[in-house]
Amino acid sequence: RKEVEQDPGPFNVPEGATVAFNCTYSNSASQSFFWYRQDCRKEPKLLMSVYSSGNEDGRFTAQLNRASQYISLLIRDSKLSDSATYLCVVNGRRSNYQLIWGAGTKLIIKP
Amino acid sequence: GAVVSQHPSRVICKSGTSVKIECRSLDFQATTMFWYRQFPKQSLMLMATSNEGSKATYEQGVEKDKFLINHASLTLSTLTVTSAHPEDSSFYICSVRTLIPNEQFFGPGTRLTVL
């Protein structure tokens with residue numbers, strides 16, 4: 001089983017729709033969780049950290065479910081510019097410094 | 001945040017040659033830098049952790065004699081792919097991590113193609 005698992009997609013979604021991604025992780029001791037966004041042939045960029053109580057940043061909402069060991073990302077009112085690959089990242093077993101990356105979920109927003 | 005640059009952005013080389021990739025932290029003194037590799041449609045894989053003034057820590061399965069890392073200063077780490085082969089063709093990305101905020105900042109990546 002992979003340490004961080006994501007549905008690779010692609011998710012084809014019409015503009016304006018709401019889309020949700022889930023990510024599961026295997027290390028129950030993980031403390032740090034992130035969503036990164038990666039555009040084609042570019043480096044990843046932090047979208048948002050995920051906090052225990054859940055957090056929101058504009059159209060983006062992230063939630064953490066420790067009991068089931070998954071995190072989610074919700075995008076409301078999707079824009080064409082949201083098309084990208086979304087990477088789930090969790091700190092690893094060795095330390096909080098080590099990050100384990102999911103393979104990403106590809107999102108395509110269609111006009 | 002931290003600004004990270006990489007050079008070159010793209011390199012094409014012949015099999016058997018060595019390629020050096022530079023990673024610079026422009027506004028942050030990084031005692032630690034990270035080197036990742038990403039194959040198409042796959043996740044980022046940590047190759048090694050580069051430590052300023054000491055030896056790099058390599059992940060399991062990464063050959064330290066093939067991927068030479070030098071972190072001579074707080075702002076520069078280099079990755080040298082020695083005797084490159086076509087299977088080494090990949091997207092190589094470096095990063096630094098800040099504690100406050102708890103975030104990792106990436107360089108723009110180097111796309112290596114070995115013919």
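So that the names make sense, note that chain A is the first sequence line, chain B the second, and so on, each numbered from 1.
The neighbour count for His7(B) NE2, taken as heavy atoms of other residues, nucleotides or ligands under 6.0 Å away, does not exceed 12. Crowding of Gln29(B) atom CD: a count of heavy atoms from other residues, nucleotides or ligands under 6.0 Å not exceeding 12. Residue-environment remark: CD (Gln6(B)) exceeds the threshold of 12 foreign heavy atoms within 6.0 Å. Heavy atoms from other residues, nucleotides or ligands lying under 6.0 Å from OH of Tyr51(A) number 12 at most. Shown here is Met45(B), whose CE atom has no more than 12 heavy atoms of other residues, nucleotides or ligands within 6.0 Å.
Using a 4.5 Å heavy-atom threshold, the side chains of Gln104(B) and Lys45(A) count as separate.
Here the straight-line distance linking atom OG of Ser43(B) with atom CD of Glu3(A) works out to 10.5 Å at 0.5 Å rounding. Taken to the nearest 0.5 Å, the OG atom of Ser95(B) stands 11.0 Å off from the CD atom of Glu43(A).
In the hydrophobic clustering of this structure, Phe67(B) groups with Val114(B); members are Ile, Leu, Val, Met, Phe, Trp, Tyr whose side-chain heavy atoms approach within less than 4.5 Å, directly or through other members. No continuous path of ILVMFWY side-chain contacts below 4.5 Å connects Trp35(A) to Phe105(B), so the two sit in separate hydrophobic clusters. Phe11(A) and Leu80(A) fall within the same hydrophobic cluster, defined by Ile, Leu, Val, Met, Phe, Trp and Tyr side-chain heavy atoms under 4.5 Å apart, directly or through other members. Note: the hydrophobic cluster containing Ile21(B) does not contain Val4(B) (ILVMFWY, side chain heavy atoms under 4.5 Å, direct or indirect links). Residue Leu26(B) is not grouped with residue Phe106(B) when hydrophobic side chains (ILVMFWY) are merged at heavy-atom distances under 4.5 angstrom, including chains of intermediate members.
For Phe91(B), the part lying near chain A is the side chain, with the backbone staying farther off; criterion is any non-hydrogen pair under 4.5 Å. At a 4.5 Å heavy-atom cutoff, the contact between Leu44(B) and chain A is made by backbone and side-chain atoms alike. Using a 4.5 Å cut-off between heavy atoms, Tyr36(B) touches chain A through its side chain atoms alone.
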Inset, instruction - Kindly indicate, with the supporting measurements, whether the criterion side-chain contact (heavy atoms from CB on, under 4.5 Å) is fulfilled by Leu99(A) and Arg97(B). - result: CA-CA 10 Å; Leu99(A) 296 180; Arg97(B) 185 168 177 178; 3.5 Å; yes
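Taking 4.5 Å as the heavy-atom cut-off, none of the residues of residues 68-75 of chain B approach chain A. Interface with chain B: from residues 102-111 of chain A, residues Gly102(A), Ala103(A) qualify, criterion being any non-hydrogen pair under 4.5 Å.
For the set Val4(A), Leu46(A), Val89(A), the entry with the most heavy-atom pairs within less than 4.5 Å of chain B is Leu46(A).
For the 3.5 Å distance criterion, the side chains of Gln38(B) and Gln38(A) qualify, holding a donor opposite an acceptor.
Between Phe34(B) and Trp101(A), the gap from one ring centroid to the other reaches at least 6.0 Å.
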